[in-house]
Amino acid sequence: MTTNTAAPAEPGNRRILLVEDEKTIAGVVRDYLLKAGFQVDTAEDGFTALELAASRQPDLVILDRMLPGLDGVEVCRRLRQSMSVPVIMVTALGTEDDRILGLEMGADDYVTKPFSPRELVLRVKSVLRRSIKEFTPEPPVEVAGLELDPASRTVTHRGVPLALTVREFDLLAFLMRRPNQVFSREELIKAVWGWDFGDLSTVTVHVRRLREKIEANPTKPELLKTVWGVGYRFDTKEAASASAGPEAVYAETEGDHGRQ
């Protein structure tokens, strides 16, 4: 385990935990992060990563999928049980199922090897911009029993706090502020993730994870609806009860990774 600090630290400097067992890759990524003004802690295995996360309280974790001792998916799962730190998963396995598994364990973003260190730094900045409180946040919004406060980045459902990842929070905030409007996955990945292009299954997985947290029955959603062939729509309770007409609205199933 090593710790490095960029000097001089740039305004808004944040602490990154880089978990990577390939020393060459770790060294290159660390140097790019330092040059960008971040503080960087590094770990080469999953158990050390969890210890460092608990002691150093990083602002973001870059987590390799394949690690000795404890793999990245399990590390991500355990991190999600103890803290809400944003996680970017790095994977050498390019299959859709592998990427979806990382997202389902709570990763906010992922990068596939080989990757550009410069692109990774941009992804880090993008995730951090959305996870750090702004000085002038948007006002709170309350819809259908959900209360979302951008200033504290908290969401409650009928008074009960919800544990959301950074991307889940951003997706829910975007949709709650635009109730009853339909958005395609392409539109959501650009508006919420800030990507001009990307794997659309990322949106599908986050929608499913949100449903598990906000719906009474995630398999028959009343709030976050799939509009067949178009995309997704956030309904108020009133709109949901009124939408039982001929419009084709369907809930996703577990096998809908590649569909709307």
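What you see below is based on every heavy atom in this structure, not just the backbone, and it leaves out hydrogens, waters and symmetry mates.
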Find out whether [X] and [Y] are in side-chain contact, i.e. whether some heavy atom of one side chain is under 4.5 Å from a heavy atom of the other.
X	Y	result
Arg153	Val166	yes
Ile62	Leu33	yes
Leu70	Arg78	yes
His206	Trp193	yes
Glu20	Val29	no
Phe234	Leu171	no
Thr202	Tyr110	yes
Leu146	Leu223	yes

Could you pull out all residues at least two apart from Phe47 that satisfy ring pair (Phe, Tyr, Trp, His ring centres under 6.0 Å)?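 Ring pair (Phe, Tyr, Trp, His ring centres under 6.0 Å) check on Phe47 returns nothing, list empty.
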Can you spot which of Thr219, Thr226, Asn217 makes a side chain to side chain donor-acceptor pair (under 3.5 Å) with Arg211?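 Among the candidates, only Thr226 passes.
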Are Lys190 and Glu186 within salt-bridge range, i.e. N to O under 4.0 Å?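 Salt bridge absent between Lys190 and Glu186.
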With clusters defined by side-chain heavy atoms of hydrophobic residues (ILVMFWY) lying less than 4.5 Å apart, directly or transitively, does Leu63 cluster with Leu122?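 Cluster IDs for Leu122 and Leu63 differ.
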Value rounded to 0.5 Å, distance of [atom1] in [X] from [atom2] in [Y]:
X	Y	atom1	atom2	result
Leu224	Arg233	CG	CZ	10.5 Å
Leu60	Leu18	CG	CG	10.5 Å
Thr156	Asp149	OG1	CG	9.0 Å
Arg123	Ile88	CZ	CD1	7.5 Å
Ile16	Arg30	CD1	CZ	14.5 Å
Asp59	Arg14	CG	CZ	5.5 Å

Greater than 12 external heavy atoms within 6.0 Å of Arg118's CZ: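 No, CZ of Arg118 has 12 or fewer neighbouring heavy atoms, counting only those of other groups under 6.0 Å.
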Give the C-alpha distance, both sets of side-chain angles, the deciding distance and a yes or no for salt bridge (Lys or Arg N to Asp or Glu O under 4.0 Å) between Asp108 and Arg80. CA-CA 11 Å; Asp108 297 280; Arg80 281 287 163 259; 3.0 Å; yes
Do Leu210 and Tyr232 pass the side chain to side chain contact (heavy atoms under 4.5 Å, CB included) test, and can you show the C-alpha distance, the side-chain angles, and the key distance before you say yes or no? CA-CA 12 Å; Leu210 265 181; Tyr232 301 107; over 6 Å; no
Criterion salt bridge (Lys or Arg N to Asp or Glu O under 4.0 Å) on Arg209 and Glu212, from CA distance to verdict: CA-CA 5 Å; Arg209 288 176 57 84; Glu212 291 171 354; 5.5 Å; no
Looking at every heavy atom in both [X] and [Y], which two are closest together, and how far apart are they?
X	Y	value
Ala53	Leu79	CB-CD2, 3.6 Å
Leu52	Thr42	CD1-O, 3.5 Å
Ala49	Val75	CB-CG1, 4.5 Å
Ser126	Arg167	OG-NH2, 3.9 Å
Glu187	Val182	OE1-O, 4.1 Å
Pro179	Thr236	CB-CG2, 4.2 Å

Tell me, please, which residues at least two apart from Ser116 pass side-chain hydrogen bond (donor to acceptor under 3.5 Å, both in side chains).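 So Ser116 forms no side-chain hydrogen bond (donor to acceptor under 3.5 Å, both in side chains) with any residue.
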Flag, side chain of [X] to backbone of [Y], donor-acceptor distance under 3.5 Å:
X	Y	value
Glu22	Thr24	no
Lys113	Val90	no
Thr48	Glu44	no

Kindly determine whether Leu17 and Asp41 satisfy side chain to side chain contact (heavy atoms under 4.5 Å, CB included), including the steps that lead there. CA-CA 5 Å; Leu17 173 57; Asp41 298 322; 4.0 Å; yes
